[in-house]
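Structure record follows, encoded as structure tokens.
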Amino acid sequence: MNEAVDCILREAIPSDAEAILELLNETAIQTDFMTLGPEGIHLSVEEEMKQLDLIYDSLNNVVFVASVNDKIIGVASINASTEPKVAHIGEVGIVLNENYWGMGLGSLMMEELLLWAEDTDILSRLELKVQERNSRARYLYEKLGFKLEAVMERGVKDGEKLLNVCLMSKLI
Ligand SMILES: CC(C)(COP(=O)(O)OP(=O)(O)OC[C@H]1O[C@@H](n2cnc3c(N)ncnc32)[C@H](O)[C@@H]1OP(=O)(O)O)[C@@H](O)C(=O)NCCC(=O)NCCS
């Protein structure tokens, strides 16, 4: 960790909806590594509140938020289906405000997600997609046991550039 920050990590609740949307819209401008672009997220605060409410009660979905001085600066999530045949698969997502990169917070959040996932009786496979050029995120996932399964050629478009995307997974 380069510098110490007092960061609180906890499960998201519906009243976090507005701050989470703000973070996602802010980080979509800061980095090209997200699927969300500068156009921002098409979800109202009310819709996000409803989703967070459902997720809070779900056994195979979770959203964690990281906050510093009461401001949400990071979100990490597992998104899974209710369909029995695929309910054991959780899709992992993580993003931090750029001002907080490189402090170890991404690792902490991922570790927390993994502990949560291991505690469920449902999830047995975590998967994620990450741009091939996103070496920091790929390093982090490999460090925590994710394996490369495939490279999806032209898996994402950034402006006129067609970029490869890595499909990674971890069995738990
Ligand atoms: C990816 C992200 C969550 C990582 O969080 P973070 O807090 O910056 O990561 P950490 O500080 O915990 O760890 C980064 C590790 O990567 C290493 N690292 C940093 N830059 C790197 C690079 N360019 N290549 C490889 N490794 C790198 C660090 O040395 C550190 O290693 P260590 O844990 O062995 O000390 C964060 O940078 C982010 O939100 N990025 C933008 C959104 C994004 O890319 N999300 C993932 C989409 S799939």
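All ligand and atom numbering here is 1-based and tracks the order in the structure.
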Which bit of L108 gets closer than 4.0 Å to ligand 1, counting heavy atoms only: side chain, backbone, both or neither?
-> neither

What do we get for K143 next to ligand 1 when only non-hydrogen atoms under 4.0 Å count, side chain, backbone, both or neither?
-> side chain

Residue [X] vicinity, atoms of ligand 1 by number, heavy atom under 4.0 Å:
X	result
G102	6 (P), 7 (O), 8 (O), 11 (O)
S135	22 (C), 23 (N), 24 (N), 25 (C)
V130	48 (S)
G104	10 (P), 11 (O), 12 (O)
L105	7 (O), 12 (O)
L140	4 (C)
G106	5 (O), 6 (P), 7 (O), 12 (O)
K129	48 (S)

Do L23 and V75 pass the side-chain contact (heavy atoms from CB on, under 4.5 Å) test, and can you show the C-alpha distance, the side-chain angles, and the key distance before you say yes or no?
-> CA-CA 8 Å; L23 173 76; V75 180; 3.3 Å; yes

Residues in salt bridge (Lys or Arg N to Asp or Glu O under 4.0 Å) with E132, at least two apart?
-> none

Rounded to the nearest 0.5 Å, how far does [atom2] of [Y] lie from [atom1] of [X]?
X	Y	atom1	atom2	value
T31	W101	OG1	CH2	4.0 Å
F33	N134	CZ	CG	4.5 Å
E91	N61	CD	CG	11.0 Å

Look at atom 48 (S) of ligand 1 and find which of Y139, Y141, Y100 reaches it with the closest heavy atom.
-> Y141

From atom 27 (C) of ligand 1, work out which of M110, E111, E98, R136 has a heavy atom at the shortest distance.
-> R136

Counterpart residues, side-chain contact (heavy atoms from CB on, under 4.5 Å), relative to L148 (two or more places apart) = V151, C166, M168

[X], any N or O under 3.5 Å of ligand 1 N or O:
X	answer
T31	no
V95	no
A137	no

At the 4.0 Å heavy-atom cut-off, does L128 count as touching ligand 1?
-> no

Is the closest side-chain heavy-atom distance between Y141 and R136 below 4.5 Å?
-> no

K147 versus S169, side-chain donor and acceptor atoms under 3.5 Å | no

Do S58 and N60 have side-chain atoms, one donor and one acceptor, less than 3.5 Å apart?
-> yes

Check: E47 main-chain N/O paired with S44 side-chain donor or acceptor under 3.5 Å = yes

